[in-house]
Amino acid sequence: RAVGWVAGALLGLAAGAQAQLTIETPSPLPNGQVGQGYSRPLAASGGTGSLAWQVSSGTLPAGLTMSTGGVISGTPTGAVDERAFTVFVRDGANASAAKDFKLTIVAAALTIDTDDAAPTYRGAAYSYQIPAKGGYPPYSWILTDDPSSLFGENKLALSSGGVVSG
């Protein structure tokens, strides 16, 4: 009988034991991009009941917030940035865990759109600022093809500031 009681007690302890609360999401987090929506749910294992998440030290990049449900989301604004911060999670039994994270915000992809460039005619004065966005301003412009094949006959030039004129 004593053996049965000990075995039952040990099984009862094992059944009631809780796994330690652990933040499972790896760091660094995937990069975000300036001006593009970002959403990254964090994951934890172990613990009891519902989880409450928060940034306990450091700050998220501008434009991002963290919900109490453990989701980092928003639209990164401002400059390219790398942030280090600590995330804290607490479960329904008051167990807690913390983990350090890094999150890098990169520049939006460089795009050039010349769809609205006005046509020009031989002998007419012309000036057009090539529009660009993203990347890392200020921009510097150069011709990568033979300039005479593109501009020589029409007497047009490209400035380092992105203005086509002539």
Side-chain angles (χ1 to χ4, degrees), residues 21-47 50-91 96-166:
L21 180 60
T22 305
I23 298 174
E24 299 292 336
T25 306
S27 180
L29 295 171
N31 290 350
Q33 190 176 74
V34 173
Q36 298 292 316
Y38 184 89
S39 181
R40 176 67 181 178
L42 302 184
S45 63
S50 62
L51 303 176
W53 298 79
Q54 68 182 48
V55 174
S56 60
S57 69
T59 58
L60 294 172
L64 298 181
T65 59
M66 181 173 195
S67 72
T68 57
V71 178
I72 297 173
S73 63
T75 301
T77 60
V80 173
D81 196 5
E82 178 182 273
R83 293 289 176 97
F85 54 93
T86 302
V87 170
F88 177 85
V89 62
R90 184 176 305 279
D91 72 5
S96 63
K99 185 171 181 175
D100 294 331
F101 285 93
K102 284 189 179 177
L103 174 55
T104 300
I105 303 302
V106 297
L110 178 61
T111 59
I112 301 168
D113 181 11
T114 58
D115 289 344
D116 67 346
T120 188
Y121 305 95
R122 188 178 305 269
Y126 187 78
S127 181
Y128 175 71
Q129 173 69 55
I130 300 172
K133 62 182 176 181
Y136 298 93
Y139 309 114
S140 182
W141 299 83
I142 59 169
L143 288 174
T144 58
D145 203 349
D146 177 11
S148 65
S149 69
L150 298 173
F151 294 96
E153 183 180 313
N154 296 317
K155 305 282 189 234
L156 295 175
L158 173 67
S159 75
S160 62
V163 176
V164 176
S165 62

Could you check whether any side-chain heavy atom of [X] comes within less than 4.5 Å of a side-chain heavy atom of [Y], counting everything from C-beta outward?
X      : Y     : value
Phe85  : Leu29 : yes
Asp100 : Ser27 : no
Phe101 : Ile72 : no
Ile105 : Val80 : no

Atom pair [atom1] ([X]) and [atom2] ([Y]), whose distance is rounded to the nearest 0.5 Å:
X      : Y      : atom1 : atom2 : answer
Thr114 : Tyr128 : OG1   : OH    : 5.5 Å
Lys133 : Leu110 : NZ    : CG    : 11.0 Å
Asn31  : Lys102 : CG    : NZ    : 12.5 Å
Ser160 : Ile142 : OG    : CD1   : 10.5 Å

Is a donor on one side and an acceptor on the other found under 3.5 Å between the side chain of [X] and the backbone of [Y]?
X      : Y      : answer
Gln129 : Gly161 : yes
Thr22  : Ser45  : no
Tyr38  : Pro30  : yes
Lys99  : Thr25  : yes

Exercise for the section: Return the set of residues passing salt bridge (charged side-chain N to carboxylate O under 4.0 Å, His left out) with Asp81 (not counting sequence neighbours), or none when no residue passes. Expected result: Arg83

Closest approach of [X] to [Y] (non-hydrogen atoms, all atoms of both residues):
X      : Y      : result
Ile23  : Ala97  : CD1-O, 4.0 Å
Tyr139 : Gly134 : OH-O, 2.6 Å
Leu103 : Gly32  : CD1-N, 4.3 Å
Gly135 : Ala107 : O-CB, 3.1 Å
Ser96  : Arg90  : CB-NH1, 4.1 Å
Thr75  : Gly37  : OG1-CA, 3.9 Å

Fill in the blank from the handout: The single option from Val89, Val87, Leu51 that satisfies side chain to side chain contact (heavy atoms under 4.5 Å, CB included) with Leu42 is Val87

Exercise for the section: Could I get the full list of side chain to side chain donor-acceptor pair (under 3.5 Å) partners for Ser57, not counting sequence neighbours? Expected result: Thr86

Fill in the blank from the handout: With sequence neighbours left out, the residues meeting side chain to side chain donor-acceptor pair (under 3.5 Å) with Tyr126 are none

Problem - side-chain contact (heavy atoms from CB on, under 4.5 Å) evaluation trace for Trp141 with Ile112 - result: CA-CA 11 Å; Trp141 299 83; Ile112 301 168; 3.7 Å; yes

